[in-house]
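What follows is a single structure, written as structure tokens, with notes after it.
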Amino acid sequence: MIEITAEIRAIIDRAAADLALAEGEYIDPADGLIHCKHYGGNRQTVVPCFGKSGYFMPRCVCPCQAEAERRRKEAEEQRNRMESIKRRRAQGLQDRYLYDYTFANDNGQNPLMKKARAYVDNWKQAYRDNTGLLLFGDVGTGKSFFAGCIANALLDRDIPVLITNFPSILNRLTGMFSEDRVEFIASLGMYDLLILDDLDAIKNPPDLAHARIYDRILERCAPILFAGKNFREENAEATKAAAKGIVSPK
Ligand SMILES: [Zn+2]
């Protein structure tokens, strides 16, 4: 038995009082209740009074009102999702030209692009296994386009991606107080995929700290060679073999 608190009583009274016919409603003589003109659904129902004899007849939602509400919510969720995607894209693609680096704009000339598509198709596995991609080769060989296509495809799914490079990270860190540095570095962790596009420098790391960072990245990445340059074999062969599986289409 539900206890009728003053609050519930107020709700019942309000529902019972709101019985003026709105546009598109009629009272069906068969049951004496308010119905909707669209499909005849009930907009009023009969509920027994708690603890005493008699009934009250509060308003209710007819099926087409429920459907309209469902569609309204769906449209709102879609709007929120689009807003979120727009926000993530603005955060993740700091150079405007990257917006146009999409699979739709691929001219099909670079056979490596199928690896980009495979990476996106296998994204869940790549994310689970913490597997990134190392794109290396000369400037102008399509690395940025390759990276941009992956980023845009994942951003379209509302997945947080950041394309950046070490110089701009170091630039941001310069002049920051140490607390801000910790916060900035932590903020890089909120991206599911971080694409660093200047790793050509790995061959000659400027110091040991850089060498360590590069080693960490290399261990977790499947290397993809652009424009026929040789890739120096690194250690971590087992990890790389697993990583390669991610970019091989089934
Ligand atoms: Zn209706």
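Just so we're clear, the structure is a prediction, and the values are computed from it rather than from any experiment.
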I want to check a possible cation-pi pair here: R96 against Y99, using under 6.0 Å from ring centre and within 45° of the ring axis as the test. yes
Please check if the side chain of D95 supplies one atom and the backbone of Y97 the other of a donor-acceptor pair under 3.5 Å. no
For M176, is there any backbone N or O sitting under 3.5 Å from a side-chain donor or acceptor partner on D180?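 Here the side-chain-to-backbone pair does not exist.
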Not counting sequence neighbours, which residues clear side chain to side chain contact (heavy atoms under 4.5 Å, CB included) with V46? List them please.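 With neighbours one apart ignored, the set is L33, Y55, M57.
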Run the salt bridge (charged side-chain N to carboxylate O under 4.0 Å, His left out) test against E76 and tell me which residues pass, sequence neighbours left out. R72
Anything under 3.5 Å between a donor and an acceptor, one on a side chain of residues 34-42, the other on a protein residue two or more places apart or in another chain? List them.
from : atom 1 : to  : atom 2 : distance (Å)
H35  : ND1    : G40 : O      : 2.8
H35  : NE2    : D31 : OD1    : 3.3
H35  : NE2    : D31 : OD2    : 2.8
N42  : ND2    : Q44 : O      : 2.8

Results of side chain to side chain donor-acceptor pair (under 3.5 Å) for S168 - residues two or more places apart only: T164, N165
Working for side chain to side chain contact (heavy atoms under 4.5 Å, CB included), residues R117 and I150: CA-CA 7 Å; R117 289 177 193 270; I150 290 174; over 6 Å; no
Is a salt bridge present between R87 and E83, judged by a nitrogen-to-oxygen distance below 4.0 Å?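 The answer is no: the pair does not qualify as a salt bridge.
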Are the side chains of C62 and Q65 in touch, meaning some heavy atoms are under 4.5 Å apart?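 They are in side-chain contact.
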Among all residues two or more places apart in sequence or in another chain, which pass the ring-ring contact (aromatic ring centres under 6.0 Å, His included) test with Y127?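 With sequence neighbours excluded, Y127 shows a ring-ring contact (aromatic ring centres under 6.0 Å, His included) to W123, given in chain and number order.
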Expected list for residues 100-110: side-chain donor-acceptor pairs under 3.5 angstrom, two or more places apart:
from : atom 1 : to   : atom 2 : distance (Å)
T102 : OG1    : N105 : N      : 3.3
T102 : OG1    : N105 : ND2    : 3.3
N105 : ND2    : D100 : O      : 2.7
D106 : OD1    : G108 : N      : 3.1
N107 : OD1    : Q109 : N      : 2.9
N110 : OD1    : L112 : N      : 2.9

